[in-house]
Amino acid sequence: QLISPFPGTTFHTLLAGKTADFDGAPDISVRVDDGASAVQLVAAGAGIEDPLARRAWLEVPQAALHFAMLLAVWRLTARRVAGPWSLAAPVLVGLYAPVMHFAGRTMGESISTALLVIALERLDAAKHGRWHAPALGGLLLGAAVIVRYGSAVMVLAALLWLVATRAWK
């Protein structure tokens, strides 16, 4: 059973693994497996067929996102703790068993969590004179909700935090 945000459309047809006729246009015969994501559709369109290359297509950007999350943890800690102790937080977050287990999986929870951590660090950076940080923080909060709608609770908590610390402008 395919769940698509666009049922009955050409995009849904491509996601379902069927070829599309595009209302009399030549059949482009794009075929991907059931449940394929838009990212995999792009990979198929780019001619990436090797399973290992497809896996790298998905996992390299996710690894970069989690590395950015660890950098955000370090920046947040470095603003509060001086010296080499600021490196302890990203090491501990990186070695935390659920982070280790889920970070390599292409799941909405792990992607949303990384986006939330980076967003909260950017919102905190705004208090330290970085003018573009709130916009990026807000954009990442929105992206976290798009990836996983349950993250809206964390967005509400972030907004309450901004109001409580008088960072809301």
Side-chain angles (χ1 to χ4, degrees), residues 1-9 11-12 14-16 32 34-43 55-169:
Q1 176 70 10
L2 177 69
I3 299 172
S4 171
F6 311 107
T9 64
F11 186 72
H12 175 80
L14 291 174
L15 285 178
V32 293
D34 288 341
S37 69
V39 175
Q40 290 174 328
L41 263 175
V42 173
R55 187 170 184 155
W57 178 265
L58 292 172
E59 290 184 9
V60 168
Q62 189 168 355
L65 176 66
H66 283 88
F67 181 72
M69 178 187 72
L70 293 176
L71 282 176
V73 170
W74 173 72
R75 286 192 305 262
L76 185 63
T77 308
R79 283 195 287 271
R80 288 165 173 74
V81 179
W85 287 106
S86 64
L87 291 175
V91 168
L92 292 173
V93 168
L95 292 177
Y96 183 58
V99 172
M100 295 283 286
H101 181 73
F102 291 109
R105 302 194 187 319
T106 313
M107 297 172 34
E109 291 86 355
S110 62
I111 295 170
S112 179
T113 301
L115 291 171
L116 285 170
V117 170
I118 298 168
L120 293 175
E121 185 276 328
R122 291 287 79 201
L123 291 174
D124 181 70
K127 295 189 297 187
H128 298 277
R130 291 170 179 85
W131 63 270
H132 63 283
L136 182 58
L139 181 71
L140 291 172
L141 284 176
V145 173
I146 290 171
V147 170
R148 187 166 194 284
Y149 70 88
S151 298
V153 173
M154 293 303 299
V155 172
L156 179 62
L159 291 174
L160 291 174
W161 172 65
L162 289 172
V163 170
T165 60
R166 301 188 193 286
W168 188 270
K169 294 181 181 180

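Predicted, not measured: the structure shown is a model, and the values here were computed from it.
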> Rounded to the nearest 0.5 Å, how far does CD1 of Ile111 lie from CG of Leu116?
Replying inline: 12.0 Å

>> I'd like to know whether Val93 forms a side-chain contact (heavy atoms from CB on, under 4.5 Å) with Met69, so could you lay out the CA-CA distance, the side-chain angles of the two residues, the decisive distance to 0.1 Å, and finally the verdict.
In response: CA-CA 10 Å; Val93 168; Met69 178 187 72; 4.3 Å; yes

> For Arg75 and Leu71, what are the C-alpha separation, side-chain angles and deciding distance, and is it a side-chain contact (heavy atoms from CB on, under 4.5 Å)?
Replying inline: CA-CA 6 Å; Arg75 286 192 305 262; Leu71 282 176; 3.9 Å; yes

Distance-only donor-acceptor pairs under 3.5 Å for side chains of residues 78-87, two or more places apart:
from  : atom 1 : to     : atom 2 : distance (Å)
Arg79 : NE     : Asp124 : OD2    : 2.9
Arg79 : NH1    : Glu121 : OE2    : 3.0
Arg79 : NH2    : Glu121 : O      : 3.1
Arg79 : NH2    : Glu121 : OE2    : 2.8
Arg79 : NH2    : Asp124 : OD2    : 3.1
Arg80 : NH1    : Leu76  : O      : 3.4
Arg80 : NH1    : Asp124 : OD2    : 3.0
Arg80 : NH2    : Asp124 : OD1    : 2.7
Ser86 : OG     : Trp74  : NE1    : 3.3
Ser86 : OG     : Gly83  : O      : 3.0

> To the nearest 0.5 Å, what is the distance between CG (Leu123) and CD1 (Ile118)?
Replying inline: 12.0 Å

>> For Ala133, give me all partners under side-chain contact (heavy atoms from CB on, under 4.5 Å), at least two apart in sequence or on another chain.
In response: Arg122, Ala125, Ala126, Arg130

> When you look at Leu115 and Leu65, which way does the side-chain contact (heavy atoms from CB on, under 4.5 Å) test go after all the steps?
Replying inline: CA-CA 8 Å; Leu115 291 171; Leu65 176 66; 3.9 Å; yes

Which side-chain N or O atoms in residues 135-159 pair as donor and acceptor under 3.5 Å with protein atoms at least two apart or in another chain?
from   : atom 1 : to     : atom 2 : distance (Å)
Arg148 : NE     : Glu109 : OE2    : 3.3
Ser151 : OG     : Ser112 : OG     : 2.4
Ser151 : OG     : Arg148 : O      : 3.3

